[in-house]
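Quick note on labels: first sequence line is chain A, next is B, and so on, each numbered from 1.
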Amino acid sequence: MPELPEVETTRKGVSPYCLKQRVKQLIVRQPSLRWPIPGDLSAQICGQQINKVERRGKYLLFHFDHGTLIMHLGMSGSLRVLLANSGGEAVNKHDHVDIIMESGNILRYHDPRRFGAILWTDQPVEEHKLIAHLGPEPLSDPFNADYLTQRCTKRKTAIKSLIMDSKVVVGVGNIYANEALFLSGIHPQQAAGSLKPEQLAKLTHNIRKVLQHSIEQGGTTLKDFVGGDGKPGYFAQQLNVYGRAGSECLHCKTELKEIRQSNRSSVFCPQCQPL
DNA sequence: ACGGCCTCCTGACGGC
DNA sequence: TGCCGTCAGGAGGCCG
């Protein structure tokens, strides 16, 4: 499940093979992603040059002179580079899209569950419906203790739901939400508006910390995005709570509990994260 | 404005 | 061995 660190690692991994490259051909084997891949995408990008690859939240943005290809990896998506001299690799199940560069290198999009998306806009991408209402990047200055405190004011919603709301802050998926709350000693069901500023400062810090740490780890697996079997970088995480329900808390040995919030699993330590 | 729930999809896994 | 039900999960969309 690509979380923000995996998307950022993907961006870094594919960028060198995209920058200043013209698209030679687009092959769409399966257009039915979360939304249909636009039928005119090929006409839009073939012969055009990619100027930059950016990331906004978990969206990858491929900037052309006249528009932007917006890509999301959803739950199960991955993007890797097949090198021109690799002799042509077999197309596997769920390899839905190839973007072939003039260099002969190929960007191959793979997404078994098809929760991802590949879209096109010729408008400023920051005005696009999917991008315009996104909150700040979690690793940017605007995401700070004051900001989070302000966004929590008078909010009755559970803090975990709030930090996973992309209108509040982008890129905090279920795994990192659980981990950041554990590190902050905050119960996932605590009402956002009832948290003290000190707690929210701690939470802000820990959200940044877990994401930054993962991005740094991702840097070591960049090679996995090019050539080889192309396993995308799902970094071996040292997770404190996620996936450990029923096991002992690594701090106090209390049994970790699991609850459902908005149909998502939350794992926490009842001792370290009291309500 | 807010909060909760549904939905898309496939692979993995448990039960029988 | 195989079939079937259930679950996971990002995030937009919808409803109350």
CG (A:D40) with more than 12 external heavy atoms under 6.0 Å: yes
Pairing of A:D98 and A:R29 as salt bridge, 4.0 angstrom limit: yes
Contact under 4.0 Å: A:Y59 side-chain N or O vs C:dG12 OP1/OP2: yes
A:R264 CZ - B:dC5 P separation (whole Å): 12 Å
Distances for protein N or O near nucleotides 11-15 of chain B N or O, under 3.5 Å:
unit_1 : atom_1 : unit_2 : atom_2 : d
B:dG11 : OP1    : A:H94  : NE2    : 2.6

Distance, rounded to the nearest Å, where A:H110 contributes NE2 and B:dC9 contributes C1': 13 Å
Rounded distance in Å - CD1 (A:I131) to C1' (C:dG12): 13 Å
Identified pairing partner of B:dA1, criterion: Watson-Crick or G-U wobble below 3.5 Å: none
d(NZ, A:K58; P, C:dG12) in whole Å: 11 Å
Parallel, tilted or perpendicular: ring planes of A:H66 versus A:W120, cut at 30 and 60 degrees: tilted
Selected nucleotide, minimal atom distance to A:T157 side chain, candidates C:dG12, B:dG4, C:dG13: B:dG4
Side-chain N,O (A:R260) to OP1/OP2 (C:dA8) below 4.0 Å: yes
Closest to side chain of A:R155, choosing from C:dA8, B:dG3, C:dG10: B:dG3
Rounded interatomic separation in angstrom, taking NZ from A:K160 and P from B:dG4: 13 Å
Aromatic ring proximity A:F115/A:H72, centre distance under 6.0 Å: no
Distance test, side-chain N/O of A:S161 to OP1/OP2 of B:dG3, below 4.0 Å: no
Closest-nucleotide ordering on DNA chain B, the 5'-leading residue of A:K154 and A:D111: A:K154
Point-to-point distance, once rounded to the nearest 0.5 Å, from CG of A:L19 to NE2 of A:H63: 11.0 Å
Touch class at under 4.0 angstrom, heavy-atom based, for A:R34 against every strand present: base
Phosphate OP1/OP2 of B:dA1: any A:K156 side-chain N/O under 4.0 Å: no
Distance, rounded to the nearest Å, where A:W35 contributes CH2 and C:dA11 contributes C1': 7 Å
A:F115 ring over C:dA11 six-membered base ring, under 5.5 Å and 30°: no
Salt-bridge criterion met for A:K196 and A:E198 (N-O under 4.0 Å): no
Carboxylate-amine/guanidinium contact A:E8 A:R55, below 4.0 Å: yes
Residue of the set A:E137, A:E126, A:H128 for which side-chain hydrogen bond (donor to acceptor under 3.5 Å, both in side chains) holds with A:R56: A:E137
Atom pair distance, as rounded to whole Å: CG in A:D165 and P in B:dG4: 12 Å
Proximal nucleotide (of C:dG10, C:dG12, C:dG13) relative to the A:E3 side chain: C:dG10
For atom CE of A:M71 and atom C1' of C:dG10, their distance in whole Å: 16 Å
Touch class at under 4.0 angstrom, heavy-atom based, for A:L73 against every strand present: nothing
